[in-house]
Amino acid sequence: MTVRTRIAPSPTGDPHVGTAYIALFNWAFAKHAGGEFLLRIEDTDAARSTPESEAAILDSLRWLGVTWNEGPDIGGPHGPYRQSERQAIYSEHADKLISDDHAFVCFCTSERLDEVRREQQSAGQQTKYDGHCIGLAKDEVAAQIAAGTPHVVRMKVPEEGECVCSDALRGEIRIPYAQIDMQVLIKSDGMPTYHLAVVVDDHLMQISHVLRGEEWINSMPKHQLLYEYFGWDMPVHAHLPLLRNPDKSKLSKRKNPTSISYYRDSGYLGEVLANYLAMMGWSMPDEREQFSMTEFAEQFSLDRISLGGPIFDVEKLNWLNGQYLRAMTPNAFMDAIAEWALNRDRLAQLVPLIQERTERLADIAPQVEYLLGDRIPLTESSFADSKLETDQLLAILHHIGRRFDEQRSWQRDELYQVCKSLADDMEIKLRDFLYPLFIGVSGRTVSLPLFDSMEFLGPDVCRVRLREAIEALGGISKKLGKRLDKAFDQLDRAAQ
RNA sequence: GUCCCCUUCGUCUAGAGGCCUAGGACUCCAGGUUUUCAUCCUGGCAACAGGGGUUCGACUCCCCUAGGGGACGCCA
């Protein structure tokens, strides 16, 4: 049997280092065994998936040196490789489950579900579907569907006993069935949920090994059950440890830059990020720390994975990047610079901003200083010219951070709208409101236009810089954070 | 709250019962090379979460406790 692994990213945002991490390991595992690695797009969340995100993810993976044998861009014998294009396959399989009595149609509204959840929560129970629709008569179901009542399909789960699953890294894992919810398999929009799609696709695409994040361990029983219901063999599953923030929580953009584009734009090399990620939770037999992806694939084995969740440590990444950069020939180094900052795409973004402000070409460097490199470090005195008090500045930075967290796209006009509306809500003049953002982003009171700068820098860089601005102003304590969160929520409610 | 997973220096890790006086790397500190800085070299600080077993012997195996993390969505 050929080893076949996959990465199945969801195109709902910036390409995440966690995705890259899992992709790298799956890739290396397949390559090591002389097998195949494929890419599948899990875009069943119709509301959040975008083609832009998909393109960015593919691009990022290529930048890291990951290649695939089958995928949405190159096709293959098991396509299509976009789940949104496989809807018929999923409904067919869901129907099979219903007719085999392994699944049922459910008409419960989300309001009722919320209510049930609330009750269970206050009673201290774990929240799960209460089985309301499980016993509905066939003709009633048919009538409701004919009448156009919105509905989902849920899987049945044994009420008692425990599920014994196997993880290639941990051995047996036992989870009581009482813990397992009657998972929705088909959403009311007709799309499958992850749980149905992943099982159906992994089977049809002949995936032999699934390396995925630890966060999925608790879903193994659902997946195993589905494999049993369909009468299929289950691929080998191995759950990789999760990348962590410095505070040990799961890596998140609020606390750490997580988008691969951030690392590329900040001047890291793709091969370095890949090398670095490869030593998160895995080590070379000879403890070498610098190695290529080819060497990684040659040496890779599951038994050298350590399970403690590794903290993503920028210091060490910096060191590693320096090692690579300094080891280059001057020619290669020149190419690296040109590719990073001075490629035509990047310049094309910059030119509209700087050309009209330029008398001599020598004026360019100071103008773009904070866009191509780090902006100057901030202190409290950086904000001395503000008309507002420190606590107001902190409130602005905190609140805009919350708004930015929810921001999907990062275009200048949208950023303007977000700021304008928050400034209005806070009843602060836009000019005064924007001041701490200017300082935070550019480190200067005079700079290129703020929103263009932000678009150029991207969300992760902006988040980091704004966070540093907050620190420079004395930081936000837990207590203050709570108060600001509350104030922000009130503002949000008032605005609606 | 319920369930699941994890636990070696601050961080990434080596270690598969005696090779461990626990090794390497990053960070930090000290010294050296260098017109400055950086690089580079040398040295140093620093860990087996705690408690019980099993064993002649436990960082390694088992149990308990503690701590950390994750999951509990018509998100993936």
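Throughout, a chain's letter reflects where its sequence line sits, starting with A, and its residues are numbered from 1. Heavy atoms only: backbone and side chains are in, while hydrogens, waters and symmetry mates are out.
- Under the 6.0 Å cut-off for aromatic ring centres, A/Tyr263 and A/Phe312 qualify, their centroids lying closer than that.
- A/Arg212 comes within 4.0 angstrom of nothing in the nucleic acid, heavy atoms only.
- B/rC9 sits 26 Å from B/rC4 when the P atoms are compared, rounded to a whole Å.
- One finds no side-chain N or O of A/Arg48 lying less than 4.0 angstrom from the OP1 or OP2 phosphate oxygen of B/rG73.
- Remark: C1' of B/rC3 and CD of A/Gln120 are 15 Å apart, rounded to the nearest angstrom.
- Distance CG (A/Leu307) to C1' (B/rU7): 11 Å, rounded to an integer number of Å.
- Checked against the 6.0 Å centroid criterion, the rings of A/Phe25 and A/Phe300 qualify as a close aromatic pair.
- Distances shorter than 4.0 Å separate some side-chain N or O of A/Thr127 from OP1 or OP2 on B/rG73.
- The base of B/rG23 lies close enough to the side chain of A/Glu287 for a donor and an acceptor atom to sit less than 3.5 Å apart.
- Spacing of P atoms, B/rU65 relative to B/rC74, comes out at 33 Å, to the nearest Å.
- Here the side chain of A/Ile217 is nearest to one of B/rA76, B/rC4, B/rG69, namely B/rC4.
- A/Gln224 has its CD atom 15 Å from the C1' atom of B/rC4, to the nearest Å.
- A/Val184 comes within contact range of the sugar-phosphate backbone alone, with a heavy-atom separation under 4.0 Å but no base atom that close.
- Look at CG on A/Leu277: it is 12 Å from P on B/rU13, rounded to the nearest Å.
- Taking only side-chain atoms of A/Asn218, from C-beta outward, the nucleotide of B/rA76, B/rC12, B/rA71 with the closest atom is B/rA71.
- Between B/rA22 and B/rA47, the two P atoms lie 10 Å apart (nearest whole Å).
- Phosphate proximity of B/rG70 to A/Lys248: absent, as no side-chain N or O sits under 4.0 Å from OP1 or OP2.
- When Watson-Crick and G-U wobble pairs are counted only if both distances are under 3.5 Å, B/rC72 pairs with B/rG1.
- Picking from B/rA71, B/rU2, B/rC4 the nucleotide with the shortest atom distance to the side chain of A/Gln179 gives B/rU2.
- For the pair A/Arg154 and A/Tyr129, the cation sits on the ring face: its NZ or CZ lies under 6.0 Å from the ring centre, inside 45° of the axis.
- Rounded to whole Å, the C1' atom of B/rU27 lies 24 Å from the corresponding atom of B/rU36.
- By the 6.0 Å contact criterion, CZ on A/Arg288 is enclosed, its count of non-hydrogen atoms from other residues, nucleotides or ligands being greater than 12.
- Between B/rU34 and B/rU11, the two P atoms lie 38 Å apart (nearest whole Å).
- If you check every strand for non-hydrogen atoms under 4.0 Å, A/Cys165 touches nothing.
- The OH atom of A/Tyr177 sits 15 Å away from the C1' atom of B/rC3 (whole-angstrom rounding).
- Spacing between B/rG67 and B/rG50 at atom C1', rounded to whole Å, works out to 10 Å.
- Contact annotation for A/Gly281: backbone-only contact, meaning every heavy-atom pair under 4.0 Å involves sugar-phosphate atoms and none involves a base.
- Atoms CG (A/Asp313) and P (B/rC26) sit 12 Å apart, rounded to a whole Å.
- If A/Leu317 and A/Gly308 are placed on RNA chain B by their nearest nucleotide, the residue sitting closer to the 5' end is A/Gly308.
- Enclosure of atom CG in A/Asp233 is not indicated, since only 12 or fewer non-hydrogen atoms of other residues, nucleotides or ligands lie within 6.0 angstrom.
- In this structure, OH in A/Tyr229 is found 8.5 Å from CG in A/Leu97, a value given to the nearest 0.5 Å.
- Note on ring orientation: taking the six-membered ring where Trp is involved, the planes of A/His151 and A/Phe107 are tilted (angle from 30° to 60°).
- In this model, the phosphate group of B/rA76 is approached by a side-chain N or O of A/Thr44 to a distance below 4.0 Å at OP1 or OP2.
- Note on A/Ser283: only backbone sugar-phosphate atoms sit closer than 4.0 angstrom, heavy atoms only; bases stay farther off.
- Contact annotation: A/Arg117 side-chain N/O to B/rG73 OP1/OP2 distance is under 4.0 Å.
- Counting to the nearest Å, the P atom of B/rC5 and the CD atom of A/Glu172 are 11 Å from each other.
- In terms of position along RNA chain B, the nucleotide closest to A/Arg174 lies nearer the 5' end than the nucleotide closest to the other residue of the pair A/Tyr276 and A/Arg174.
- Atom pair A/Leu240:CG and B/rG69:C1' shows a separation of 15 Å (rounding to whole Å applied).
- Nucleic acid contact for A/Ser249: sugar-phosphate only, since backbone atoms but no base atoms lie under 4.0 Å from a heavy atom of the residue.
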